[in-house]
Amino acid sequence: MTATIDLRSDTVTRPSAGMRAAMAAAEVGDDVYGDDPTVNRLEALAAERFGFERALFFGSGTQSNLAALMTHCGRGDEYLVGSEAHTYKYEQGGAAVLGSIQPQPIDNEPDGTIALERIARAIKPDDVHFVRSKLLALENTIGGRVLPPQYLHSVTAFAHDRGLATHLDGARLFNAIVKLRLAEREAVLGFDSVSLCLSKGLGAPAGTLLLGSRDFIAQARRWRKALGGGMRQTGILAAAGIFAIEHHVAGLAEDHANAEYLAAGLREIGLAVEEPQTNMVFVALPAERVAGLAAHLDSAGVLASIGVRTRLVTHRDLTREDLARTVRLIGGYFERR
Ligand SMILES: Cc1ncc(COP(=O)(O)O)c(C=O)c1O
């Protein structure tokens, strides 16, 4: 049966009709030569909005993060990172594997932050035994949680004080911006570089922007080429990115409201649900019912990553009725003993 309701991630969103029209009409050129006017327009627009000197367009968030880490850190340097962070846990260890950069994972607190005391303890002294601690990398949102602006202000000042640069994996930064009604520049204050995905809740088929200073982006451009990320007539993708930024950001508020709606429905049928902050709903399920529920939903055309801590993600391709149907299906399953 064809899946009609996909709650696995917001990366499953498909380009809207307007986005496809913008892609079809995009003016293009060879971007490795810097000749693609649409890519140049997207990069200039993002740099200006977020208050950075330059932006660079990548095909994926993994590649953008990796190029950023490799630009901040050299062989034998280390980056400090939350143990739950995407760059550390879900990107094939690229920093270590391809960048010769040692990751220093630090436990995230329940709210997704990393405590300043833990960071202080993890920074290595200047000693022949140790690698050089160079960078602090954070993620916002992280597991659907929004990092408080006051925390970001303190932690980035703290890192800079101790000689660390700061990178933000902002794959879902627009969710935080919409949730807290922040200005884009406010959301990135204190960061030396930011990676910003357009292919999650914003609905673009691919594309991530790396933001930084002129020199930083010049070096990141070299790493992008080394990583095989120099693309040619990629204005077709950049046009989707421009459309996403101009037309799809406000819609994230609806994804957040839908997450609350879904959470409330699941609570009503007796499940333990964490309060969603953005577009991710986490539900605790009894271990012995996990496999049965996964099969039950699958057979009804609902795709979800079911586990003892199930994550359900709302996005622009889901309607309230899809969510109500999901709740009914889950409720029906738990009624059966
Ligand atoms: C927080 C976070 N960072 C980075 C990425 C990597 O993005 P991509 O899948 O485009 O490589 C993801 C992907 O889901 C993500 O969730």
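Read the numbers this way: they start at 1 and go in the same order the structure lists the ligands and their atoms.
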Novice: So, 4.0 Å and heavy atoms of E91: is ligand 1 close enough to count as a contact?
Specialist: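 Contact present.
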
Novice: So is there a nitrogen or oxygen of A171 less than 3.5 Å from a nitrogen or oxygen in ligand 1?
Specialist: no

Novice: State the atoms of ligand 1, each with its element, that fall below the 4.0 Å cut-off from a heavy-atom position in K200.
Specialist: 7 (O), 8 (P), 9 (O), 10 (O), 12 (C), 13 (C), 14 (O)

Novice: Are any non-hydrogen side-chain atoms of Q277 and T141 less than 4.5 angstrom apart?
Specialist: no

Novice: Can you see whether Y261 has R320 sitting over its ring - NZ or CZ less than 6.0 Å from the centre and within 45° of the normal?
Specialist: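 The answer is yes; both the distance and angle limits are met.
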
Novice: Counting each atom of ligand 1 from 1 as listed, which ones have a heavy atom of N65 under 4.0 Å away?
Specialist: 4 (C)

Novice: For ligand 1, which is the ligand I care about here, please tell me if S199 has any N or O atom under 3.5 Å from one of the ligand's N or O atoms.
Specialist: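 Min N/O separation from ligand 1 is not below 3.5 Å for S199.
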
Novice: Heavy-atom distance to atom 11 (O) of ligand 1: which of T208, T62, D169, D10 wins?
Specialist: T62

Novice: Short list, please: which atoms of ligand 1 are under 4.0 Å from a heavy atom of S60?
Specialist: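 Heavy-atom distances to S60 below 4.0 Å select 10 (O), 11 (O).
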
Novice: Relative to each other, are the rings of H248 and F243 parallel, tilted or perpendicular (30° and 60° limits)?
Specialist: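 Because their plane-to-plane angle is over 60°, the rings of H248 and F243 count as perpendicular.
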
Novice: To the nearest 0.5 angstrom, please state how far the CE atom of M280 sits from the OG atom of S9.
Specialist: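 It is 6.5 Å, given to the nearest 0.5 Å.
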
Novice: Under 30°, 30 to 60°, or over 60°: which ring-plane class applies to Y333 and H296, parallel, tilted or perpendicular?
Specialist: tilted

Novice: In the protein, what heavy atom is nearest to atom 15 (C) of ligand 1, and what distance, to one decimal place, separates them?
Specialist: H86 CD2, 3.2 Å

Novice: Relative to F282, does R311 satisfy both conditions: NZ or CZ under 6.0 angstrom from the six-membered ring centre, and within 45 degrees of the ring's axis?
Specialist: no

Novice: For ligand 1, does E139 get within less than 4.0 Å through its side chain, its backbone, both, or neither, judged by non-hydrogen atoms?
Specialist: side chain

Novice: For D192 and T166, run side chain to side chain donor-acceptor pair (under 3.5 Å): C-alpha distance rounded to whole Å, both residues' side-chain angles, the deciding distance at 0.1 Å, then the answer.
Specialist: CA-CA 5 Å; D192 300 308; T166 52; 3.1 Å; yes

